[in-house]
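Remember, predicted model here, so these are calculated numbers, not experimental data. Heavy atoms only: backbone and side chains are in, while hydrogens, waters and symmetry mates are out.
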Amino acid sequence: MKIRSMTGFASGQGSLGAHSWSWEMRSVNAKGLDLRLRVPDWLEGLEAQLRTKLSKSLARGNVSLGLRLNRTEAGAATLTLNKPLLHSVLAALAETEATAQAAGIDLSVTSAADLLSIRGVLEQSVSEDDPKPLVAVLVEEFETILAQFVQMREAEGAALERILADQLDQLRALRAQAADQAEARKPLVAAALKANLAKVMDNTEGADQDRVAQELAMLAVKSDITEEIDRLGAHIEAAEALLANGGAVGRKMDFLMQEFNREANTLCSKALNSDLTSTGLELKAVIDQMREQVQNIE
């Protein structure tokens, strides 16, 4: 599976008979999957089917989906000729004309428009929509909209993956630099500890030399950053494995960022010299940049 961003957009239009519609779908970052749908209520079953498809295809993000549905006037109403009533009107008209002629009265010629203007001869009826065929078409069309949406998130995810890969390379280089600096400072740390031990022993008459030596040894252990260097290497490998496997790895990457930051903080606190402190600060800067990118991963 590919890495995906949590931001995306897709839109589309379609029509069926008297109905036309437009889709609009967008998403932004979120801790979980938050679906917000706006579809016509009378399209029974549509929202439930759309939610199911979205839940199967997406893992995280605040997703908004809107469907705007229109109906043409031609489809909204139809005109129907009331034939029984028309026959009755024609019979009455024929009888009226015959009676008038017998009385020597000429009547004006009756037109079709005159007949249709009689109330009830031409009826306007509104057809009832069967939502099932329309819902079926909309669900099928939504597959295309969803595919476009996922494709955009994957494209943005590929860009994020490249950025994160470069940042992991920076971390690897800084880790190696920190390891070299830690190795180089060992003689200085040892000399400083010996000098401190001599000062302590010169100014503490009657002190237990073994206990003082133990305390200084503990300080030496606490200043050792070997574990932090090793854990940084393990975290880099874990992050690269997550990116290689793909899928919805945003939560795991976010957890790793916390671990990265913890190791960098500890390294800075144990640095004991300016070069190693500077490297630790560079590590923290790159980790913060990575965290910003990770916030966008699904």
Side-chain angles (χ1 to χ4, degrees), residues 3 29 31 157 159-245 249-297:
I3 296 292
N29 299 351
K31 291 183 178 180
L160 287 174
E161 185 175 357
R162 290 192 293 272
I163 293 172
L164 289 170
D166 289 341
Q167 291 170 333
L168 286 172
D169 287 341
Q170 295 178 49
L171 289 183
R172 180 178 285 103
L174 289 170
R175 172 189 174 273
Q177 180 176 308
D180 291 341
Q181 292 169 339
E183 188 66 26
R185 73 168 189 164
K186 284 184 177 180
L188 298 176
V189 172
L193 287 174
K194 288 179 180 179
N196 289 333
L197 177 58
K199 290 179 181 179
V200 171
M201 298 310 299
D202 290 341
N203 293 280
T204 52
E205 294 183 2
D208 186 344
Q209 294 187 10
D210 291 339
R211 181 57 185 271
V212 173
Q214 287 177 358
E215 293 295 331
L216 290 174
M218 290 178 64
L219 289 175
V221 171
K222 289 181 178 179
S223 66
D224 184 21
I225 63 169
T226 302
E227 290 187 7
E228 286 71 23
I229 296 295
D230 291 342
R231 282 196 290 264
L232 278 172
H235 296 336
I236 291 171
E237 292 179 359
E240 289 177 334
L242 286 174
L243 293 178
N245 292 334
V249 298
R251 292 180 185 274
K252 294 179 180 179
M253 288 292 292
D254 188 53
F255 175 76
L256 266 181
M257 291 305 101
Q258 298 176 38
E259 296 301 308
F260 271 120
N261 199 52
R262 182 178 292 109
E263 303 306 334
N265 285 334
T266 305
L267 188 148
C268 286
S269 68
K270 292 183 176 182
L272 299 181
N273 68 44
S274 59
D275 290 342
L276 195 51
T277 299
S278 178
T279 301
L281 292 175
E282 289 185 55
L283 280 167
K284 286 174 61 65
V286 176
I287 291 167
D288 284 342
Q289 293 169 7
M290 286 186 65
R291 186 192 292 271
E292 292 179 4
Q293 301 300 328
V294 167
Q295 298 301 315
N296 297 320
I297 296 179

Just verifying a value: how many Å separate Leu243 CG and Ile3 CD1, rounded to the nearest 0.5 Å? 5.5 Å
Glu183: which residues meet the salt bridge (charged side-chain N to carboxylate O under 4.0 Å, His left out) condition with it, sequence neighbours left out? Lys186
Excluding sequence neighbours, so at least two apart, what forms side-chain contact (heavy atoms from CB on, under 4.5 Å) with Arg172? Asp169, Ile236, Glu240
Please enumerate all residues that pass side-chain contact (heavy atoms from CB on, under 4.5 Å) together with Asn245, with sequence neighbours excluded. none
In terms of heavy-atom contacts, Cys268 and Thr277 come closest through SG-O, 4.2 Å
Return the set of residues passing side-chain hydrogen bond (donor to acceptor under 3.5 Å, both in side chains) with Ser269 (not counting sequence neighbours), or none when no residue passes. none
Tell me the side chain to side chain donor-acceptor pair (under 3.5 Å) pairs involving residues 286-295, sequence neighbours left out? Asp254-Gln295
Just grab all the ring-ring contact (aromatic ring centres under 6.0 Å, His included) pairs involving residues 261-280, residues at least two apart or on different chains. none
side-chain contact (heavy atoms from CB on, under 4.5 Å) between Met290 and Leu168, intermediate numbers included: CA-CA 8 Å; Met290 286 186 65; Leu168 286 172; 3.6 Å; yes
Nearest heavy-atom approach of Ala182 to Ile225 is CB-CD1, 3.5 Å
Rounded distance (nearest 0.5 Å) linking atom CD of Gln177 with atom CG of Leu171: 12.0 Å
How close do Ile229 and Ala178 get, heavy atom to heavy atom, and via which atoms? CD1-CB, 3.7 Å
Interatomic spacing from CG in Asp230 to OG1 in Thr226 - rounded to 0.5 Å: 6.5 Å
Taking only residues two or more places apart in sequence, or in another chain, which ones meet Glu259 in a side-chain contact (heavy atoms from CB on, under 4.5 Å)? His235, Phe255, Arg262
Only counting residues at least two apart or in another chain, list the ones meeting side-chain contact (heavy atoms from CB on, under 4.5 Å) with Ala264. Leu283, Lys284, Ile287
With a 4.5 Å cut-off on side-chain heavy atoms, are Val249 and Ile297 touching? yes
By side-chain hydrogen bond (donor to acceptor under 3.5 Å, both in side chains), Asn29 pairs with (sequence neighbours left out) Asn296
Which distance, rounded to the nearest 0.5 Å, do you find between the CG of Leu256 and the CZ of Arg251? 14.5 Å
Could you report the tightest heavy-atom contact between Val294 and Gly250, atom names first, then the distance? CG1-O, 3.9 Å
Could you pull out all residues at least two apart from Gln181 that satisfy side-chain hydrogen bond (donor to acceptor under 3.5 Å, both in side chains)? Thr279
Not counting sequence neighbours, which residues clear salt bridge (charged side-chain N to carboxylate O under 4.0 Å, His left out) with Glu228? List them please. Arg231, Lys270
